[in-house]
Amino acid sequence: MYTKMDSDLSRFRKIVRGQVRKELKNFISSGDIITQIPSQGNRKSQTLSIPLPQINLPKFTHGPNNNNQQKGVAQGKGDVGKDVASSDEPGGQASQSPADHAYESEVTLDELGQLLGEELNLPRIEQKGNKTFEQKHRRYSGVLNQGPESLHHFTRTYRSALKRSIASGIYDPKNPVVVPIKDDKKYRSFQAVNQPLGSAVMIYMMDVSGSMGDKQKELVRLTSFWLDTWLTHSYKGVERRFIIHDATAKVVAEDLFYRTRESGGTLISSAYKKAIDLINNEFPPQDWNIYLFHFSDGDNWSQNDTQLCLQLLDSSILPAANLFCYGQTESRYGSGYFLKDLTKHYQLPASGKVVASQISDQGSIIPALKTFLGSGR
């Protein structure tokens with residue numbers, strides 16, 4: 001039964017959801033909730049605690065003091081000898097400002113992804129592929145003569161009893177009473193079927209050469225979290241692969257992806273070759289929605305390697321991918337030329353499978369998310 005309390009609770013949850021959405025852009029830029037990022041398991045159902053200090057809960061207040069009436073335990077001076085905590089007694093010094101009481105709201109990553117899409121006005125992703133992951137799904141498609149009462153099929157049971165009554169001659173149209181017996185009972189039956197689920201793979205690539213410092217990696221981590229949150233909300237199944245590179249590239253675990261720092265030079269093509277190997281060996285493009293995200297400070301070993309990167313993108317990566325995103329962080333050691341080369345070659349920001357954004361500080365994360373995800377691919 002739906003009660004008034006249920007209505008009030010639903011209304012309060014809508015207020016909390018509105019506050020979370022109101023504070024979302026601050027969360028994106030500050031990175032306060034990234035420390036809770038789940039690295040394993042089903043991320044869609046994982047919950048995050050979000051502090052909302054601006055929620056004011058209902059409270060009682062005194063009415064106006066009319067006719068010089070006093071507020072307190074009683075009105076008037078009272079009888080002699082009746083001590084009722086006189087206000088003249090010394091006490092501790094109180095603050096005139098109300099205390100901030102933070103309300104922590106728990107939201108799942110799936111809900112957070114939905115709020116992100118609403119706040120940034122992100123389009124729905126057009127999925128491709130019709131299989132990869134499959135889950136067992138019950139389909140009630142038959143009827144049996146035996147089964148649990150929870151699956152009792154009333155319509156089929158009544159129909160069977162009616163047929164029996166008519167066939168046996170005991171049915172009276174003037175008094176159409178039909179009483180099912182045990183042999184009349186019918187029960188729903190189900191069979192387990194494999195239900196295909198749309199799925200995606202996210203391939204993260206990051207330059208870990210000496211020019212990429214801790215600040216640059218933190219920007220990559222923050223941006224990657226929100227990219228992951230949106231795509232996890234958009235797809236039933238998401239796989240992730242992480243590639244680090246300097247002069248050579250290798251596939252690593254997620255925690256190592258953000259902590260590794262090398263001191264060698266930079267060959268961006270090594271990461272693209274490794275990504276192509278992953279696609280060819282594990283993720284057929286006809287079945288997978290493939291997203292590639294590359295983060296670098298834009299410094300590459302030579303112009304020849306940059307030309308090789310463009311060839312690999314054109315010949316192998318872009319034909320297979322839904323989207324290729326390049327995020328360039330600022331570093332005093334990085335030249336930043338790679339973004340210029342991408343922009344010139346693909347005539348950015350023209351819409352297509354290649355999108356790029358400059359991520360100079362935490363305030364640049366929201367524009368980068370809109371750039372990366374705004375195409376709806």
Side-chain angles (χ1 to χ4, degrees), residues 20-52 104-122 125 200-208 212-235 237-244 252-261 289 291-296 322-330 355-374:
V20 173
R21 180 174 175 177
K22 183 179 178 181
E23 296 293 320
L24 188 60
K25 288 187 177 180
N26 294 332
F27 294 140
I28 293 174
S29 299
S30 66
D32 289 341
I33 66 175
I34 306 301
T35 56
Q36 305 178 51
I37 178 174
S39 59
Q40 295 179 350
N42 182 11
R43 297 195 184 193
K44 188 182 289 285
S45 60
Q46 293 281 354
T47 60
L48 300 175
S49 295
I50 297 182
L52 300 173
E104 285 200 355
S105 172
E106 286 196 350
V107 297
T108 65
L109 278 178
D110 190 42
E111 293 171 332
L112 199 60
Q114 182 179 355
L115 290 173
L116 177 68
E118 294 172 357
E119 181 64 23
L120 301 187
N121 196 25
L122 299 177
I125 293 178
V201 57
M202 303 171 67
I203 301 177
Y204 291 102
M205 298 172 282
M206 182 167 63
D207 178 7
V208 293
M212 287 284 288
D214 294 336
K215 176 184 176 182
Q216 287 74 28
K217 289 182 181 179
E218 181 63 14
L219 291 175
V220 172
R221 178 174 170 81
L222 293 175
T223 306
S224 300
F225 170 81
W226 293 105
L227 291 170
D228 198 289
T229 298
W230 172 244
L231 292 176
T232 301
H233 166 71
S234 301
Y235 289 95
V238 176
E239 286 285 312
R240 300 164 185 83
R241 295 295 184 270
F242 299 89
I243 298 173
I244 58 174
V252 296
E254 180 177 0
D255 58 342
L256 191 60
F257 180 78
Y258 296 108
R259 292 189 291 106
T260 302
R261 183 171 184 177
N289 296 274
Y291 296 86
L292 299 102
F293 302 96
H294 180 215
F295 299 95
S296 170
N322 288 46
L323 193 66
F324 175 87
C325 302
Y326 175 71
Q328 184 160 293
T329 61
E330 288 187 356
V355 291
S357 181
Q358 184 84 33
I359 310 175
S360 55
D361 52 31
Q362 292 183 349
S364 305
I365 294 177
I366 292 178
L369 293 175
K370 290 183 177 180
T371 300
F372 291 160
L373 304 174

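In this text, all values refer to a predicted model and were calculated from it rather than measured experimentally.
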Original post:
Are Arg240 and Val201 close enough, and set up right, to give a side chain to side chain contact (heavy atoms under 4.5 Å, CB included), and what steps lead you there?
Top reply: CA-CA 6 Å; Arg240 300 164 185 83; Val201 57; over 6 Å; no

**OP:** Over all heavy atoms of both residues, which pair between Thr371 and Ala356 is shortest? Give the atoms and the distance, please.
**Re:** CG2-O, 3.5 Å

Subject >> Glu218 side chain to Lys215 backbone, donor-acceptor under 3.5 Å >> reply: no

Original post:
How far does CE of Met206 sit from OG1 of Thr329, to the nearest 0.5 angstrom?
Top reply: 9.5 Å

Original post:
So, for Ser364 and Gln358, which heavy atoms are closest and what is the spacing to 0.1 Å?
Top reply: CB-O, 3.8 Å

Subject >> Interatomic distance, Asp110 atom CG to His233 atom NE2 [nearest 0.5 angstrom] >> reply: 5.5 Å

**OP:** Kindly indicate whether the side chain of Tyr291, heavy atoms from C-beta on, has any atom under 4.5 Å from the side chain of Leu231.
**Re:** yes

Original post:
Are Val252 and Ile243 close enough that some pair of their side-chain heavy atoms sits under 4.5 Å apart?
Top reply: no

**OP:** Could you tell me which non-hydrogen atom of Ser296 sits nearest to which non-hydrogen atom of Asp207, and how far apart they are?
**Re:** OG-OD2, 3.5 Å

Original post:
Between the side chains of Asp228 and Thr232, is a donor N or O closer than 3.5 angstrom to an acceptor N or O?
Top reply: yes

**OP:** Go through the steps to decide whether Leu219 and Phe295 satisfy the test side chain to side chain contact (heavy atoms under 4.5 Å, CB included), and finish with yes or no.
**Re:** CA-CA 10 Å; Leu219 291 175; Phe295 299 95; over 6 Å; no

Original post:
Atom CG of Leu292 and atom CG of Asn322: how far apart are they, to the nearest 0.5 Å?
Top reply: 9.5 Å

Subject >> Side chains of Gln362 and Leu222 in contact at under 4.5 Å (non-hydrogen atoms) >> reply: yes

Original post:
So which heavy atom on Phe372 is nearest to which on Cys325, and how close?
Top reply: CD2-CB, 3.6 Å

**OP:** Answer whether the closest heavy-atom distance between the side chains of Val355 and Leu323 falls below 4.5 Å.
**Re:** yes

Original post:
What residues form a ring-ring contact (aromatic ring centres under 6.0 Å, His included) with Tyr204, not counting sequence neighbours?
Top reply: Phe242, Phe293

Original post:
Is there a donor-acceptor contact under 3.5 Å from the side chain of Glu330 to the main chain of Ile359?
Top reply: no

Original post:
Rounded to the nearest 0.5 Å, how far does CD1 of Ile365 lie from OG of Ser224?
Top reply: 9.5 Å

Subject >> side chain to side chain donor-acceptor pair (under 3.5 Å) partners for Tyr326, two or more places apart >> reply: Gln328

**OP:** Given side chain to side chain contact (heavy atoms under 4.5 Å, CB included), test Glu239 with Met202 step by step and report yes or no.
**Re:** CA-CA 6 Å; Glu239 286 285 312; Met202 303 171 67; over 6 Å; no

Original post:
Which heavy-atom pair separates Phe324 from His294 by the least distance, and what is that distance?
Top reply: CZ-CB, 4.1 Å

